[in-house]
Novice: 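So that we are looking at the same thing, I have put the structure below in structure tokens.
We name chains A, B, ... by the order of the sequence lines, and we start the count at 1 in each one.
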2 protein chains.
Amino acid sequence: MYSEGMSTQERLVEATRELLWERGYVGTSPKAILQRAGVGQGSMYHHFTGKQDLALAAIRRTGEELRAAVDRLLDTDTSAYARIEAYLLRERDVLRGCPVGRLTMDPDVIADPELRAPVDETIAYIEGRLAAIVQEGVDSGEFAPRLVPAEIAATVLATVQGGYVLARASGATEAFDGAVRGLLSLLAP
Amino acid sequence: MYSEGMSTQERLVEATRELLWERGYVGTSPKAILQRAGVGQGSMYHHFTGKQDLALAAIRRTGEELRAAVDRLLDTDTSAYARIEAYLLRERDVLRGCPVGRLTMDPDVIADPELRAPVDETIAYIEGRLAAIVQEGVDSGEFAPRLVPAEIAATVLATVQGGYVLARASGATEAFDGAVRGLLSLLAP
DNA sequence: GTCTATATGTGGATAGAC
DNA sequence: GTCTATCCACATATAGAC
């Protein structure tokens, strides 16, 4: 139940991040968080004002980590296609879905501007990075000039997010892989 | 609150369908269903064994309707590209998301084989219809022979499902439209 | 068939002791 | 800072009257 060196706040945020990923905001109760974190009720309300506040910290951290991971993946000295491919083929726990994208199906997250903000920012950031790479590819002649970078970036991101949906519906990762391969075949120079 | 000619069962199923779309399975309580349907507690447990049973009826009906709508859209005597385009440009309430796809993010739906089955069947059905159309296009020379129909079908469906995610994250339909246009530009003969 | 009453647990949060 | 006790409302279901 987390390492010894982890502070109570950290344990609470980590437990919340896991539960938000697994069950979403609506499906996550303070009680479940406390049990997973191994702390008492009082600690949670000492460090955070409540469920929303704790979820906010958790979502922000998840967004930061995802953006950092994407940066590591895309900051390479390779062709535009190779970087888009690297993004699409990134190792993923497909059946768990995207820890950020899944929150968009949570009515209470979407209804709360504070909770939606870090979700929006993270997705917009990745879209922006992908668009810049497509633009490079268009400029260098690697991609057809008729491609609109912002649109292709949205298509790439949507294919990944939708791939999770197909995979979870079928209970198998195959559909995700198929969608990605299909897109790569359409993008292939 | 629904027409006079609607039976109690129908009212319950309709109310459940709406709530599942808006709030998902975890976020929908029997109480909320009863209030929306305008019936008492006893009626629900007379016609259905409980929340799961009612949700099952609701999901099945939503799946049937979606498959029928897709059939109407795709049963036209036009080119393969035109039919894929028609599917992608279908009029949608983008910010509400897909009434079937959103259920894949519901942990209690995915964990219950009975509830997941109609979700899986509906998505598999649409994928199959799209794949057959792509196959036609490949056979007729409309699409490049290197395209794998099942993969392209998955890409098309994933772009739509992921488009909902992008749109809901940003709170605007633009990202959905961008993803669709990007895919159409890649598919264009 | 439909209603109201009731039951048990949980959701989300506060109070106050240590 | 952390714990336990307590609070009120809701979630989900059953019982039994009409």
Novice: My understanding is that only residues two or more places apart in sequence, or in another chain, count here; which of them pass side-chain contact (heavy atoms from CB on, under 4.5 Å) with Ala179(A)?
Specialist: Thr159(A), Ala154(B), Thr155(B), Ala158(B)

Novice: Which pairs pass ring pair (Phe, Tyr, Trp, His ring centres under 6.0 Å) with one or both residues in residues 110-162 of chain A, sequence neighbours excluded?
Specialist: none

Novice: Name all residues meeting the side chain to side chain donor-acceptor pair (under 3.5 Å) criterion together with Glu65(B); count only those two or more places apart in sequence or in a different chain, and write none if there are none.
Specialist: Arg17(B)

Novice: Considering residues at least two apart in sequence or located in another chain, which fulfil the side-chain contact (heavy atoms from CB on, under 4.5 Å) criterion with Leu56(A)?
Specialist: Arg60(A), Glu114(A), Leu115(A), Pro118(A)

Novice: Would you list the pairs meeting ring pair (Phe, Tyr, Trp, His ring centres under 6.0 Å) in which at least one residue belongs to residues 63-98 of chain B, sequence neighbours left out?
Specialist: none

Novice: Report yes or no: is the cationic atom of Arg96(A) (NZ for Lys, CZ for Arg) under 6.0 Å from the centre of the six-membered ring of Trp21(A), at an angle within 45° of the ring normal?
Specialist: yes

Novice: Across nucleotides 9-14 of chain D, 5' to 3', mark each nucleotide with B, S or - according to how protein heavy atoms within less than 4.0 Å reach it.
Specialist: --SSBB

Novice: By side chain to side chain donor-acceptor pair (under 3.5 Å), which residues pair with Arg83(A), not counting sequence neighbours?
Specialist: Glu136(A)

Novice: Could you pull out all residues at least two apart from Glu18(B) that satisfy side chain to side chain donor-acceptor pair (under 3.5 Å)?
Specialist: Tyr2(B), Arg36(B)

Novice: Sequence neighbours excluded and cut-off under 3.5 Å, please list the side-chain donor-acceptor pairs for residues 43-50 of chain B, or say none.
Specialist:
{"residue": "His47(B)", "atom": "ND1", "partner": "Gln9(B)", "partner atom": "NE2", "Å": "3.3"}

Novice: Of all nucleotides in DNA chain C that come within under 4.0 Å of a heavy atom of chain A, which is furthest toward the 5' end and which toward the 3' end?
Specialist: dT10(C) to dT14(C)

Novice: Restricting to ring pair (Phe, Tyr, Trp, His ring centres under 6.0 Å), what partner residues turn up for Phe176(B), sequence neighbours left out?
Specialist: Tyr164(B)

Novice: Have a look at the helix from dG1(C)-dC18(D) to dC18(C)-dG1(D) and give the angle its two end axes make, five pairs each, rounded to 10 degrees.
Specialist: 10°

